[in-house]
There are 4 protein chains.
Amino acid sequence: MMLSHTPPTQQLPVRGPAPAVRPRMARDAAVRALKRQIIVDAARTVFAEAGLEGTSMRGIAAAAGCTTGAIYPYFRNKEELYAAVLSDSLNSLRLHIEDAVGRAGDPRARVATAIRSYFAYYRSRPDDLTLGLYLYHGLKPAGLTPELDRKLNRRLAQVLDVIGDAIAAYGGLDAEARRMEICQTFSYVMGLLICDCTHRLNALGGSAEPLLERYTQDLLARLAP
Amino acid sequence: MMLSHTPPTQQLPVRGPAPAVRPRMARDAAVRALKRQIIVDAARTVFAEAGLEGTSMRGIAAAAGCTTGAIYPYFRNKEELYAAVLSDSLNSLRLHIEDAVGRAGDPRARVATAIRSYFAYYRSRPDDLTLGLYLYHGLKPAGLTPELDRKLNRRLAQVLDVIGDAIAAYGGLDAEARRMEICQTFSYVMGLLICDCTHRLNALGGSAEPLLERYTQDLLARLAP
Amino acid sequence: MMLSHTPPTQQLPVRGPAPAVRPRMARDAAVRALKRQIIVDAARTVFAEAGLEGTSMRGIAAAAGCTTGAIYPYFRNKEELYAAVLSDSLNSLRLHIEDAVGRAGDPRARVATAIRSYFAYYRSRPDDLTLGLYLYHGLKPAGLTPELDRKLNRRLAQVLDVIGDAIAAYGGLDAEARRMEICQTFSYVMGLLICDCTHRLNALGGSAEPLLERYTQDLLARLAP
Amino acid sequence: MMLSHTPPTQQLPVRGPAPAVRPRMARDAAVRALKRQIIVDAARTVFAEAGLEGTSMRGIAAAAGCTTGAIYPYFRNKEELYAAVLSDSLNSLRLHIEDAVGRAGDPRARVATAIRSYFAYYRSRPDDLTLGLYLYHGLKPAGLTPELDRKLNRRLAQVLDVIGDAIAAYGGLDAEARRMEICQTFSYVMGLLICDCTHRLNALGGSAEPLLERYTQDLLARLAP
DNA sequence: GATGAATGAGCTTTCATTCAT
DNA sequence: TATGAATGAAAGCTCATTCAT
């Protein structure tokens, strides 16, 4: 799975009938992609530990085993690097949910599984949640924010489509109703995750899993055909 | 309403049989409280615009019309100042909700009003929401964080108590059920606000108010006596 | 013993045939002198712990139980305060040596005692030595340095006079020879103290007391009548 | 002579059968060493003028013709920079003494020359003396102080060894006696330098050179074979 | 005389990014 | 591509001293 952010990388995994044509170019591209991924992985770790603004390019470079200057051929900005990390995360979230839903049986189970696996993903990787929250603030005036924002929104929509499909299939919803349920569930689960991970639920004497289960049952009851 | 941070300020509005006894001390305290409030207000603005880490003490000082050094007699840290801003916000949120609920008629209306006014408060002051989210990350290991955290949790609990009272009164809930509903509603509304303010709802084609209305109706239906 | 630095204090202990004339003024002056001494004592402690430049007026004020502003009526500067501490120290060094020499028996013992007690004073109060060394550097361009310097030199000369008298009396020296021996001994003992207190002697495998004893014996042998 | 602080620099003057093999690396190292030395020289000047704590990194940078940030690739701390200055000084002191002693004739002259050249070095560079005195105070708890202290002690021991050798050779001393004479002379000369440079000798009517001469003669007489 | 808030300059260190090599 | 020194700005915080009260 290649999470290519910059166009050149796209040329990479074109394996097929003519493997020997340009072996040099392919190898170079593969090396480049690998190095890029090493940097992204290092960045995720450091971002998660130190926060978006608490992280220095030097720190990322150190974690990636290179120097600061070596990052810039792959990412123009700290922000672009952050976006790559986020994009990575959304992508593997989608794979995670698709996998779980694919294994579920009837439509009812698919809805419950979609919601649960969405929640579980972030629950088991709170760093990714933290990272996602940075989208709201920070991200000072840099060049390309709007473009990045659109890109990330697209990725998010892909994720939620999996959940929306399960809900619509189960409840037999039209596009409008489907959209509403997606928003409702997205909002609720995000809120639950945030309240949980910030320990606010704890402070209020609540526990996330039962709450989520209850929400899911109420939802299924409401949609029951 | 005086949002005094340091105990001494409390002596201020002691009106009684001997008002002229310590006019000097009272005046001094009032002046101090006023200057303090100016700083807090300036900080709120700047924090909201630039983020927690993006905000400099110099920036706050400039907004407050003083020098950086003039802040430190009132707040030992940037963090302490941030906590004061947040505390201020939670306090006025509580007043806002109490006021709205107090004006509502029957128990059913009180529930709907509590939820709506909670949502509306942050909707109309998205800065306060942003500010609250900083609680999750940042806030590096500084001196008093745990103490501040406890303090803010207490304030939050006071806010949610108002909502919980309305819900429990309407649905005739016991303590356990009440706690669950508080958590459920708190999570949902926070999630809705965040998704809305980060423009994710927009991107998904949803709109916050109808979603909230729908949630409220479902809740009332579920609790209906 | 009043270590007055500022003229006004001089009016103080003039007790005599007319004790009741101005009791109020005398009381005031005594109070003032007392407060002043409290500040000097606090300053000595803090200077010794944190160094000349590492000490803040706030720190001194805190140690003295007052506020920064309360120091300035007594001392115009941090430097003036430092000079007062040093002056205090030199004065009590003189008393210390005079007392020891006064108790010694024959001229030979007086010389040995003078040197030993000089060394012992600083050995048991290394802070005072540290403080004295600051004279060499630091002490940035402030107003009155030359005046203070003269004053402190005078105090030092008084101290060394006691030693010089003992040496001259024992060896029957004229003024010129006496001066030379004073310088020689002063230099040696200061060097020994500094090398000892900076742990350089330690590092070189030497020990201060035997070295001093050896020096003293050599000196006495040279001067022996 | 290169006073390299970081090991890599050591590879520099490896002249041999293949001088052209790594011209690039050698050049880079040389450039780095040069820039480093420029900073150290600037630091010595500024430290001497303004004192250890009175000196700002900005001031050093200005004197070195660079920005503050440009210092940090070479020295992690103000303290590390100070240590480099001191180390430099002790090293060239040793060279100075060795050179002078090497030129002296018989053993007697070697002793006198060692002591005189030691004194003369600091007399002609009082800044270095000042700098050395800072070792006693200041130097707050920073990271590597103990390590640096050991390093500097080693350098000092090397210096004094030269003097000790001359004395031991002349007087035919065993290790124990040699150690004692080293400490005695080290203490005396340091004290003389300090008293002279702080103008205390002046104030007492003494003059450094005759005093040193007298000390040396007495020493030689005592050790005379 | 004492308070303590305020000033204005100052500090060391770190940062993202650039660029010669 | 990669290096890592350099830039220039900025950060949070502290300081000696002043001054209205």
Side-chain angles (χ1 to χ4, degrees), chain A residues 28 31-32 35-36 53-61 65-81 140 142, chain B residues 24-25 27-28 31-32 35-36 39 53-61 65-79 81 140 142, chain C residues 28 31-32 35-36 53-61 64-81 140 142, chain D residues 24-25 27-28 31-32 35-36 39 53-61 64-79 81 140 142:
Chain A
D28 285 0
V31 167
R32 186 185 154 87
K35 291 189 182 174
R36 202 192 103 102
E53 318 215 32
T55 295
S56 71
M57 293 299 270
R58 250 194 275 278
I60 295 171
C66 64
T67 58
T68 48
I71 295 178
Y72 286 82
Y74 300 93
F75 305 94
R76 283 198 301 233
N77 278 338
K78 196 180 170 183
E79 183 188 355
E80 204 170 288
L81 180 47
K140 302 292 159 37
Chain B
R24 171 65 174 282
M25 278 179 68
R27 234 263 309 253
D28 283 1
V31 167
R32 187 183 156 88
K35 291 188 181 175
R36 202 193 104 103
I39 294 172
E53 317 211 37
T55 294
S56 71
M57 295 298 272
R58 261 190 263 274
I60 294 172
C66 64
T67 59
T68 49
I71 296 177
Y72 287 82
Y74 299 92
F75 305 94
R76 282 195 300 233
N77 279 335
K78 197 179 168 183
E79 184 189 353
L81 180 45
K140 306 281 164 44
Chain C
D28 284 0
V31 166
R32 186 183 154 88
K35 291 188 182 177
R36 202 192 104 104
E53 319 215 31
T55 294
S56 71
M57 292 300 270
R58 249 195 275 281
I60 295 172
C66 65
T67 59
T68 49
I71 295 177
Y72 286 81
Y74 299 93
F75 305 94
R76 283 198 301 233
N77 278 337
K78 195 179 170 184
E79 184 188 354
E80 203 169 292
L81 180 45
K140 304 289 157 39
Chain D
R24 170 66 172 280
M25 278 179 67
R27 233 263 309 255
D28 283 1
V31 167
R32 188 182 154 88
K35 291 189 182 175
R36 202 193 104 103
I39 294 171
E53 317 212 35
T55 293
S56 71
M57 292 301 270
R58 258 195 268 273
I60 294 171
C66 64
T67 58
T68 49
I71 296 177
Y72 287 82
Y74 300 92
F75 305 94
R76 281 196 300 235
N77 279 334
K78 196 178 167 183
E79 184 188 353
L81 180 46
K140 307 280 165 43

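Letters go in sequence order (proteins before strands), and every chain restarts at 1.
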How does protein contact run along nucleotides 15-21 of chain F, one letter per nucleotide 5' to 3', with B for base contact, S for sugar-phosphate only, - for none, heavy atoms under 4.0 Å? BSBB--S

Nearest heavy atoms of C:Gly69 and C:Pro73, plus distance in Å: O-CD, 3.2 Å

With distance as the sole test, does D:Lys35 use its side chain to make a donor-acceptor pair with the main-chain N or O of D:Tyr74 at under 3.5 Å? no

Reading 5' to 3' and counting Watson-Crick or G-U wobble pairs with both distances under 3.5 Å, write the dot-bracket notation for DNA chain F, | for bases paired outside the strand. .||||||||||||||||||||

Can you measure B:Arg36 atom CZ to E:dG4 atom P for me and round it to whole angstrom units? 18 Å

How many whole angstroms separate atom CD1 of D:Ile39 from atom C1' of F:dA6? 11 Å

For D:Met57 versus D:Lys78, what's the shortest heavy-atom pair and its separation? SD-CG, 3.8 Å

Pick the closest DNA chain F nucleotide for D:Lys35 and for A:Lys35 by heavy atoms, then say which residue is nearer the 5' end. A:Lys35

From CD1 of D:Ile71 over to P of F:dG8, roughly how many Å is that when rounded to an integer? 14 Å

Restricting to non-hydrogen atoms, name the atom on C:Thr68 and the atom on C:Ala61 that form the minimum distance, rounded to 0.1 Å. N-CB, 3.6 Å

Does C:Ala64 have any side chain to side chain contact (heavy atoms under 4.5 Å, CB included) partners at least two apart in sequence or in another chain, and if so, which? C:Ile38, C:Ile39, C:Ala42, C:Cys66

Gap between atoms CZ and P, on D:Phe75 and E:dT12 respectively (whole Å): 15 Å

Output for pair (A:Arg58 CZ, A:Ile60 CD1), nearest 0.5 Å, gives 12.0 Å

Of the candidate nucleotides E:dA6, F:dT7, E:dT3, which contains the atom at the shortest distance from the side chain of B:Tyr74? E:dA6

Assuming nearest nucleotide by heavy-atom distance, tell me which of B:Thr67 and C:Cys66 is located more 5' along DNA chain E. C:Cys66

Correct closest heavy-atom pair for A:Glu80 and A:Phe75 would be OE2-CA, 3.9 Å

To the nearest Å, give me how far apart CZ (B:Arg32) and P (E:dA6) are. 9 Å

